[in-house]
Amino acid sequence: MNVLFLTMSPSVANVRVSGIYTDLMRCFRNNGHNVYVVYPSERRKQKTTSVGCIDSIHTLGVYTLNLTKSSIIEKGIGQLLLEFQFYFAILRYYKDIRFDLILYTTPPITFTNILRCLKYRHPKAKVYLL
């Protein structure tokens with residue numbers, strides 16, 4: 001089973017650290033599933049969009065505007081652009097993968113259009129809010 005995990009927390013980039021989401025991703029991996037994690041990589045870190053694989057968990061850090069610790073204008077614009085940035089990064093880097101399960105974290109308003117498009121592309125996928 002291919003599992004896609006969308007999150008607003010950049011801390012999931014290090015799947016070796018214990019946490020509620022990283023533990024869940026490792027549990028899926030340990031049960032033989034392919035796990036793909038998509039998270040924001042804010043502009044202040046000065047890293048472009050990056051694809052990696054840590055302990056057999058695929059990670060995709062999507063370059064975004066600063067979503068935390070920045071001006072309200074930058075946060076607002078960043079939130080508006082986030083859906084498109086995530087969606088096009090998923091299309092670019094994970095286009096050949098058919099997802100069976102799509103997990104996402106709060107705030108769900110950030111991911112509504114992404115989920116709608118992903119559900120259209122993967123009609124048999126189950127979508128679950130954590």
Side-chain angles (χ1 to χ4, degrees):
M1 180 166 68
N2 292 321
V3 179
L4 176 65
F5 178 60
L6 303 172
T7 184
M8 292 291 295
S9 174
S11 64
V12 298
N14 187 359
V15 294
R16 293 180 180 138
V17 176
S18 182
I20 186 169
Y21 300 130
T22 53
D23 291 346
L24 179 64
M25 295 306 109
R26 285 194 306 273
C27 182
F28 275 114
R29 181 213 47 211
N30 293 342
N31 286 309
H33 304 293
N34 299 317
V35 180
Y36 300 87
V37 178
V38 181
Y39 64 93
S41 178
E42 296 184 41
R43 182 173 63 140
R44 84 171 54 85
K45 294 182 181 177
Q46 298 178 348
K47 290 184 181 178
T48 59
T49 298
S50 61
V51 178
C53 187
I54 303 170
D55 295 339
S56 299
I57 295 177
H58 305 276
T59 60
L60 174 60
V62 180
Y63 180 80
T64 63
L65 293 176
N66 294 326
L67 302 170
T68 59
K69 301 176 188 170
S70 64
S71 71
I72 193 163
I73 294 171
E74 186 174 12
K75 283 182 193 179
I77 294 170
Q79 288 292 335
L80 292 173
L81 292 175
L82 186 69
E83 278 188 316
F84 301 106
Q85 292 168 326
F86 267 38
Y87 183 66
F88 289 119
I90 291 168
L91 284 181
R92 181 174 180 189
Y93 295 101
Y94 297 152
K95 67 181 171 189
D96 296 330
I97 300 167
R98 297 311 260 170
F99 295 109
D100 303 304
L101 178 63
I102 301 169
L103 302 172
Y104 64 104
T105 60
T106 56
I109 193 73
T110 308
F111 299 127
T112 53
N113 290 329
I114 299 171
L115 296 171
R116 187 177 301 122
C117 294
L118 288 173
K119 185 65 176 167
Y120 180 78
R121 287 180 55 88
H122 312 281
K124 294 184 179 181
K126 301 293 182 197
V127 180
Y128 189 76
L129 169 65
L130 296 177

Can you tell me how far the [atom1] atom of [X] sits from the [atom2] atom of [Y], to the nearest 0.5 Å?
X      : Y     : atom1 : atom2 : value
Thr22  : Ile54 : OG1   : CD1   : 11.0 Å
Ile77  : Asn66 : CD1   : CG    : 12.0 Å
His122 : Arg98 : NE2   : CZ    : 5.5 Å
Asn14  : Thr59 : CG    : OG1   : 10.0 Å
Leu130 : Leu6  : CG    : CG    : 10.0 Å

May I have all residue pairs that pass salt bridge (charged side-chain N to carboxylate O under 4.0 Å, His left out) and include part of residues 59-77, sequence neighbours excluded?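 Matches after skipping sequence neighbours: Arg43-Glu74.
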Any pair counted as salt bridge (charged side-chain N to carboxylate O under 4.0 Å, His left out), so long as it reaches residues 83-97, sequence neighbours left out: none
Is [Y] close to [X] at the side-chain level, that is, under 4.5 Å between some pair of heavy atoms?
X      : Y      : value
Leu91  : Arg121 : yes
Phe5   : Tyr21  : yes
Leu81  : Thr64  : no
Val127 : Tyr104 : yes
Val38  : Thr7   : no

Would you mind listing every side chain to side chain donor-acceptor pair (under 3.5 Å) that reaches into residues 48-58, with sequence neighbours excluded? Arg16-Asp55
For a quick test of reading the model, state the closest non-hydrogen atom pair linking [X] to [Y] and the distance between them.
X     : Y     : value
Tyr94 : Val37 : OH-O, 4.3 Å
Ser9  : Pro40 : N-CD, 4.4 Å
Gly61 : Ser41 : C-CB, 4.1 Å

Are the ring centres of Phe99 and Tyr36 closer than 6.0 Å?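 That pair passes the under 6.0 Å test.
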Do [X] and [Y] belong together in a cluster built from hydrophobic side chains that touch within less than 4.5 Å?
X      : Y      : value
Val35  : Met8   : no
Leu65  : Tyr39  : no
Leu118 : Leu103 : no
Leu101 : Ile90  : no
Val12  : Met25  : yes

All pairs passing ring pair (Phe, Tyr, Trp, His ring centres under 6.0 Å) where residues 69-92 contributes a residue, at least two apart: Phe86-Phe111
Check the pair Asp100 / Asn2 against side chain to side chain donor-acceptor pair (under 3.5 Å), numbers first and verdict last. CA-CA 5 Å; Asp100 303 304; Asn2 292 321; 4.6 Å; no
With sequence neighbours excluded, tell me which residues meet salt bridge (Lys or Arg N to Asp or Glu O under 4.0 Å) with Arg29.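 Counting only residues at least two positions away or on another chain, Arg29 forms no salt bridge (Lys or Arg N to Asp or Glu O under 4.0 Å).
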Kindly write out the residues that satisfy side chain to side chain contact (heavy atoms under 4.5 Å, CB included) with Thr106, not counting sequence neighbours, or none if the list is empty. Pro108, Leu129
Judged by atom type as modelled, is there a donor-acceptor pair below 3.5 Å linking the side chain of Arg26 to the main-chain atoms of Val15? yes
